[in-house]
Trainee: 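Below is the structure I would like to discuss, written out as structure tokens.
Numbers here are sequence positions counted from 1.
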Amino acid sequence: MGLTYHHWLPVVMLILSNVFMTFAWYGHLKFPMAPLTVVILASWGIALIEYCFAVPANRMGHTVYSAAQLKTIQEVVTLSVFVVFSTVYLKEGVSLNTLIGFGFIALGAGFVFRG
């Protein structure tokens with residue numbers, strides 16, 4: 001059968017949604033002096049953009065993936081995006097233990113896609 005855009009487009013859209021959500025949840029950490037109300041409103045606005053990618057990704061993706069598979073894809077994408085975000089944007093290192101833990105989560109995710 002092969003991969004169609006129904007297979008890969010939801011994954012691309014989940015990656016984009018997770019980039020926005022990671023900024024919504026953690027981007028403000030670089031600005032600890034910003035008022036919390038401003039941070040909440042800015043994060044909410046960014047999260048709205050995230051939803052514009054996530055909801056259609058899940059709707060389209062559910063035509064070829066189960067809900068559990070979509071959630072698994074989302075979790076693995078979230079961890080992958082977070083590692084890059086933490087390193088590049090926050091300038092925080094990612095420890096070997098964190099990478100091993102994330103690897104175990106990815107390994108577990110593999111079982112969701114088995115037979």
Trainee: Quick one: do L41 and W25 end up in the same hydrophobic cluster if we chain Ile, Leu, Val, Met, Phe, Trp and Tyr together by side-chain heavy atoms under 4.5 Å apart?
Mentor: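 No; tracing contacts between hydrophobic side chains, which count when under 4.5 Å, never links both residues.
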
Trainee: What is the distance from atom OG of S95 to atom CD1 of I100, rounded to the nearest 0.5 Å?
Mentor: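 Output value for this atom pair is 8.5 Å.
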
Trainee: Rounded to the nearest 0.5 Å, what separates atom OH in Y51 from atom CZ in F20?
Mentor: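 CZ of F20 is found 15.0 Å from OH of Y51.
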
Trainee: Are V55 and V19 co-members of a hydrophobic cluster defined by side-chain heavy atoms under 4.5 Å apart?
Mentor: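 V19 clusters together with V55.
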
Trainee: Is the shortest heavy-atom distance from the side chain of L9 to the side chain of M13 under 4.5 Å?
Mentor: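 With C-beta onward as the side chain, the pair touches.
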
Trainee: Taking all heavy atoms of N18 and all of V77, pick out the closest pair and write down the distance.
Mentor: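 Result for this residue pair: ND2-CG1, 3.6 Å.
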
Trainee: Would a 4.5 Å heavy-atom cut-off, applied to side chains only, mark H62 and L70 as touching?
Mentor: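 The answer is yes; the side chains approach within 4.5 Å.
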
Trainee: Looking at OG1 of T22 and CG of L79, how far apart are the two atoms once the value is rounded to the nearest 0.5 Å?
Mentor: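 It is 9.5 Å, given to the nearest 0.5 Å.
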
Trainee: To the nearest 0.5 Å, what is the distance between CD on Q74 and CE on M21?
Mentor: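 Going from CD on Q74 over to CE on M21, the span is 9.0 Å.
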
Trainee: Between E75 (side chain only) and T72 (backbone N and O only), is there a donor and an acceptor less than 3.5 Å apart?
Mentor: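 Answer holds: no.
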
Trainee: Working to the nearest 0.5 angstrom, can you tell me the gap between L90 CG and F82 CZ?
Mentor: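 L90 CG to F82 CZ: 7.0 Å, rounded to 0.5 Å.
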
Trainee: Side-chain contact, heavy-atom cut-off 4.5 Å: Y26 with Y89?
Mentor: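 A side-chain contact under 4.5 Å is absent here.
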
Trainee: Which heavy atom of V76 sits nearest a heavy atom of A109, and at what distance?
Mentor: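 Here V76 and A109 meet closest at CG2-CB, 3.6 Å.
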
Trainee: Any chain of hydrophobic side-chain contacts (each under 4.5 Å) joining F23 to L48?
Mentor: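 No, F23 does not connect to L48 through the hydrophobic network.
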
Trainee: Quick one, L14 with N58, criterion side-chain contact (heavy atoms from CB on, under 4.5 Å). Give me CA distance, side-chain angles, the key distance, then yes/no.
Mentor: CA-CA 8 Å; L14 287 172; N58 284 306; 4.3 Å; yes

Trainee: Within this structure, what is the CG-SG distance for the pair L16 and C52, rounded to the nearest 0.5 Å?
Mentor: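 Rounded to the nearest 0.5 Å, the CG-SG separation comes out at 12.0 Å.
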
Trainee: Work out which heavy atom in V39 is nearest to a heavy atom in A34; give both atom names and the distance.
Mentor: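 Taking every non-hydrogen atom into account, CG2-CB, 3.8 Å.
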
Trainee: Minimum heavy-atom separation for H28 to S43, with atom names?
Mentor: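 For H28 and S43, the tightest heavy-atom pair comes out as CD2-OG, 4.2 Å.
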
Trainee: Hydrophobic cluster membership, with links at side-chain heavy-atom distances under 4.5 Å among I/L/V/M/F/W/Y: are W44 and F53 in one?
Mentor: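 Looking at the clustering, F53 is in a separate group from W44.
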
Trainee: Can a donor-acceptor pair be found, under 3.5 Å and without considering hydrogens, that links the side chain of T63 to the backbone of M60?
Mentor: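 It does hold such a pair.
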
Trainee: Minimum heavy-atom separation for P10 to Y5, with atom names?
Mentor: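 Taking P10 first and Y5 second, the nearest heavy atoms are CD-O, 3.5 Å.
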
Trainee: List the atom of A24, the atom of A47, and the distance in Å for their closest heavy-atom pair.
Mentor: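 Answer, listing the atom of A24 first, then A47: CB-N, 4.1 Å.
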
Trainee: Fit a plane to each ring of Y65 and F113, take the angle between them on a 0 to 90° scale, and name the class: parallel (under 30°), tilted (30 to 60°) or perpendicular (over 60°).
Mentor: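 Judged by the thresholds at 30° and 60°, the geometry between Y65 and F113 is perpendicular.
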
